[in-house]
Amino acid sequence: MAFRPLHDRILVRRIEADEKTAGGIIIPDTAKEKPQEGEVLAVGAGARNEAGQLQALDVTVGDRILFGKWSGTEIRLDGEDLLIMKESDVMGIIDNVAGMKKAA
């Protein structure tokens, strides 16, 4: 893919939630909500501060992030549904995903 976000924008792929609950109940498509978790595919160079200096972004390519339900703009690139959003729309970065699943 040849896409590079500008300034403080990031390109995100939504990570789909499980189709089954812990108790084994299958969730139909009509009852599912949009996932609020995603993987960062590309990041811009950063925003400029008041002094005109480039301020790098906190998120990097490969990070798993949490964002608001209605954050970003949905686009389609190379047949894949993706999101473009500002870094300020990101609520947090998920660290150690494997460790979190074991604890649950």
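For clarity, every value in this text was computed on a predicted model and none was experimentally measured.
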Do Leu82 and Phe3 have side-chain heavy atoms sitting under 4.5 Å apart?
no
Testing the basics here: between Ile93 and Asp58, what is the closest heavy-atom pair and its distance to 0.1 Å?
CD1-O, 4.0 Å
Drop me the distance from Leu41's CG to Leu83's CG, to the nearest 0.5 angstrom.
10.0 Å
Got a sec, which residues hit side chain to side chain contact (heavy atoms under 4.5 Å, CB included) with Leu6, two or more places apart in sequence or on another chain?
Arg4
Would you name the heavy atoms of Asp8 and Ala47 that are closest together and state the gap between them?
CB-CB, 4.0 Å
For residues Val59 and Glu87, report the shortest heavy-atom separation together with the two atoms involved.
N-OE2, 3.4 Å
Looking only at non-hydrogen atoms, find the nearest pair between Met91 and Gly68 and report the distance.
CE-N, 3.2 Å
pair Met85-Val90: side-chain heavy atoms closer than 4.5 Å
yes
Nearest-0.5 Å distance that lies between atom CD in Glu37 and atom CG in Leu66
6.0 Å
For Gly38 against Phe67, the heavy-atom pair lying closest together:
N-CE2, 3.6 Å
Starting at CD1 of Ile15, measure out to CD of Gln36 and round the result to the nearest 0.5 Å.
12.5 Å
With Gln53 via side chain to side chain contact (heavy atoms under 4.5 Å, CB included) - residues at least two apart
Asn49, Ala51
Can you tell me how far apart CD1 (Ile10) and CG (Asp63) are? Round to the nearest 0.5 Å.
9.0 Å
Partners meeting side-chain hydrogen bond (donor to acceptor under 3.5 Å, both in side chains) with Gln55 (sequence neighbours left out):
none
Measuring from atom CG of Leu57 to atom CZ of Arg9, what distance do you get when rounded to the nearest 0.5 angstrom?
11.0 Å
Do you know the tightest heavy-atom contact between Arg14 and Lys69?
NH2-O, 4.3 Å
Distance from Glu39 atom CD to Ile65 atom CD1, nearest 0.5 Å?
10.0 Å
